[in-house]
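Below is one structure, written out as structure tokens, with a few remarks after it.
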Amino acid sequence: MIDIRDLREHPETVRASQRARGEDDSLVDVVLEADAAHRSQLAKFESLRGQQKSFGKQVAAAQGEEKQALLAQTKEMAAKVKELDRSAAQAASDRDVALRKIGNVILDGVPVGGEDDYVVLEEHGTPRDFTAEGFEAQDHLELSDRLGLLDMKRGAKVSGSRFYFLKGAGARLESGLMRFAMDAAFKHGFEQLNVPNLVSESTMVGAGFLDAHADEVYHLAADDLYLTGTSEVALAGFHSDEILDLSDGPKRYTALSTCYRREAGSHGKDTRGIIRVHQFQKVEMFAYTRVEDAVAEHDRMLSIEREMLDAMEMPYRVIDTAAGDLGGPAARKFDCEAWVPTQGRHRELTSTSNCTTYQARRLNTRERNTEGSGTRMVATLNGTLATTRWMVAILENHQQADGTINVPDALRPYVGVDKLS
RNA sequence: GGAGGUGUCGCAUAGUGGCCUAGUGCGCCCGCCUGCUAAGCGGGUUUGGGGUGAUACCCCAUCGAGAGUUCGAAUCUCUCCACCUCCGCCA
């Protein structure tokens, strides 16, 4: 959630951010009203509570009849204190409910608008001209079928639609890609964490995945645990309720995890192959930084993602996501999208978000103030290094006329072969 | 799944209804003393919120979390969570 003090001091900034996202800017006034109500309730409670405490001391010191008289008075006061406490707590919760509905304040430069209003920042490489090469490009599923890399039928038999088996070289390609990504993260100073894939409700809420993404999340009712759709959840929860020491620079973590997503809202969309599935592998970067270092860290993550995509030797572009397409916690988001020949368009392979202090505030992750006393919120950032979906782009972009696949140089040591055939 | 135990400031510990405004030791910070270091001496040291724009000052909350009993709860009751010990189960 955003900082109530920022909202009090700069309500117009928050309103403008809400409008850029295409969301309700009147929420700001709802919060301001609820905040004023809470503060006045709190003041009433605190002053009466103060009186009650000093009365309590007199009661303790008094004897006999005097004590009985005081007791009669304080009894009434106790009921009133309890009532004021309750209404102050209610006012605080009303305020927080409204406050949580407001998305992070977008950063300067974020394009205004919705899903299609992104700005293309860079384009790399040129799509192959398969007609000129003398053959028609096959899609990743056809290629996989021919080479025995993927088994959708048996996936459906065992688990249902959008589940699959990767087989042989296909399985090796996936795990090789993941190990390549883990090594890249390690080289860039990210500490590897092997994380829980099941988390408690409080962690899921804290990471911000039970608001907008609630329908996407698998819930295990018998144990009241949630399957994570990304290791970001566990990585964000890792330092919850902690005061970090960032004097030596950002804390950087990476994790490989299996990701589980219900894909509830996407029936009929991307049903072919492994573009959109219920379960996949992902290597994620996550960083905790000082607020003033967040933009630089975001650029750093993006550059690591570009290095990864460059190593895959495929055409891709980088986009600056428009405000309306940002998740609630993100203040800015860059996606790298690879060219998918048979679809004639770019598909998202990585996504990196700067959440500034929004996620940290929910998770209560702070640092000591660099000057003076007290604490302040840290910034959190996340970014993708590789996912199973990358295989779609790798297979299609590196296919040969004979139906074989050239493995990108960088992956060869990890996959163990130069060519899938 | 069953039985028992534990949870107090960064760490260790004291605290069984009002003298707790949570004490003490260690650590840490500031200062004094000292030719240097160590030792010694004095002071400070949870976090969040409100008054309030303010380092100062005042107030409220905070003893794993929540609810309750009471005029009054670290202390009593209930629920939950985490950890420890033992038993059972474990594709």
Side-chain angles (χ1 to χ4, degrees), chain A residues 1-13 31-100 158-159 195-196 198-206 219-226 234 237-248 251 357-378:
Chain A
M1 69 184 141
I2 62 170
D3 186 349
I4 183 75
R5 266 177 272 191
D6 280 352
L7 184 141
R8 267 180 219 150
E9 285 164 28
H10 311 289
E12 197 42 54
T13 309
V31 171
L32 285 173
E33 254 173 65
D35 180 46
H38 168 245
R39 286 203 278 178
S40 92
Q41 286 297 321
L42 191 63
K44 283 184 203 162
F45 160 73
E46 287 185 353
S47 80
L48 196 67
R49 175 71 176 152
Q51 283 181 47
Q52 183 193 29
K53 282 172 73 162
S54 54
F55 256 85
K57 288 203 176 70
Q58 291 180 46
V59 172
Q63 295 294 328
E65 271 180 42
E66 194 193 348
K67 187 160 191 157
Q68 292 312 310
L70 283 170
L71 278 179
Q73 283 182 62
T74 48
K75 202 155 196 164
E76 210 173 303
M77 189 184 282
K80 185 84 190 185
V81 166
K82 198 166 274 186
E83 188 189 314
L84 287 173
D85 188 14
R86 250 187 274 262
S87 56
Q90 183 62 49
S93 120
D94 289 348
R95 181 198 63 185
D96 287 345
V97 165
L99 190 59
R100 278 171 202 281
V158 168
S159 302
V195 303
L198 286 168
V199 301
S200 66
E201 177 166 343
S202 66
T203 300
M204 210 62 176
V205 168
H219 178 222
L220 303 185
D223 299 285
D224 202 15
L225 289 169
Y226 295 82
F238 187 65
H239 283 306
S240 61
D241 294 318
E242 293 183 24
I243 297 173
L244 303 182
D245 180 1
L246 298 177
S247 57
D248 293 334
K251 285 192 177 293
T357 59
Y358 193 91
Q359 195 173 44
R361 187 165 290 103
R362 290 184 140 203
L363 291 158
N364 193 28
T365 304
R366 294 167 292 164
E367 64 168 335
R368 303 271 172 210
N369 278 328
T370 44
E371 296 172 12
S373 59
T375 61
R376 61 174 188 162
M377 294 299 158
V378 303

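Not measured: the values here are computed from a predicted model. Just so it is clear, the values below take in all heavy atoms, side chains as well, and ignore hydrogens, waters and symmetry mates. Throughout, a chain's letter reflects where its sequence line sits, starting with A, and its residues are numbered from 1.
- Ranking B:rU69, B:rC71, B:rG49 by closeness to the A:Arg5 side chain, first place goes to B:rG49.
- Taking the P atom of each, B:rG17 and B:rU75 are spaced 11 Å apart, rounded to whole Å.
- Among the nucleotides B:rG50, B:rC71, B:rU21, the one closest to the side chain of A:Val59 is B:rC71.
- Pairing of B:rA61, defined by two Watson-Crick or G-U wobble distances under 3.5 Å, is identified with B:rU47.
- What separates CD1 of A:Ile243 from P of B:rU47 is a distance of 6 Å, to the nearest Å.
- Of the listed nucleotides (B:rU21, B:rC71, B:rC60), B:rC60 has the atom at the smallest distance from the side chain of A:Phe45.
- Going from the C1' atom of B:rC28 to that of B:rA12 covers 15 Å, rounded to whole Å.
- A donor N or O paired with an acceptor N or O is not found under 3.5 Å between the base of B:rG51 and the side-chain atoms of A:Glu46.
- In the set B:rG72, B:rG50, B:rG48, B:rG50 carries the atom at the smallest distance from any side-chain atom of A:Arg39.
- Of all nucleotides present, none satisfies the Watson-Crick or G-U wobble test against B:rA54 with each distance under 3.5 Å.
- Taking the C1' atoms as reference points, B:rG50 lies 34 Å from B:rG42, given to the whole Å.
- For A:Leu71, the listed nucleotide lying nearest its side chain is B:rC71; candidates were B:rG50, B:rG68, B:rC71.
- Under the Watson-Crick or G-U wobble criterion, with both distances below 3.5 Å, B:rG66 is paired with B:rC78.
- Remark: A:Asp245 does not engage A:Arg368 in a salt bridge, criterion side-chain N to carboxylate O under 4.0 Å.
- Side-chain atoms of A:Gln52 and A:Arg49 form a donor-acceptor pair, as typed in the model, at a separation below 3.5 Å.
- Rounded to an integer number of Å, the gap from A:Arg49 CZ to B:rC59 C1' is 12 Å.
- Residue A:Lys82 has a polar side-chain atom (N or O) positioned under 4.0 Å from OP1 or OP2 of B:rU69.
- With both ends at atom P, the span from B:rC30 to B:rC80 equals 48 Å, rounded to whole Å.
- Nucleotides B:rA91 and B:rU85 place their C1' atoms 28 Å apart, quoted to the nearest Å.
- A 3.5 Å limit on both hydrogen-bonding distances identifies B:rA3 as the Watson-Crick or G-U partner of B:rU85.
- Between B:rG27 and B:rU46, the two C1' atoms lie 15 Å apart (nearest whole Å).
- Side-chain polar atoms of A:Asn364 and A:Arg366 form a donor-acceptor pair below 3.5 angstrom.
- Set against B:rU21, B:rG48, B:rG72, the side chain of A:Arg366 has B:rG48 as its closest nucleotide.
- Residue A:Lys53 has no polar side-chain atom (N or O) positioned under 4.0 Å from OP1 or OP2 of B:rC71.
- With rounding to the nearest 0.5 Å, the separation of CG in A:Leu99 from CG in A:Asp3 is 8.5 Å.
- Rounded to whole Å, the separation between the P atoms of B:rA3 and B:rU8 comes to 25 Å.
- Distances shown here put every side-chain N or O of A:Gln52 at or beyond 4.0 Å from the OP1 or OP2 atom of B:rC71.
- Across all strands shown, B:rG72 has no partner, as no Watson-Crick or G-U wobble contact with both distances under 3.5 Å is found.
- In this structure, B:rA12 and B:rU24 make a Watson-Crick or G-U wobble pair, each of the two defining distances being under 3.5 angstrom.
- When only modelled atom types and interatomic distance are considered, A:Glu242 and A:His239 share a side-chain donor-acceptor pair under 3.5 Å.
- Note on A:Arg368: a side-chain N or O is less than 4.0 Å away from OP1 or OP2 of B:rU47.
- Counting any heavy atom pair closer than 4.0 Å across all strands shown, A:Ala43 reaches no nucleic acid atom.
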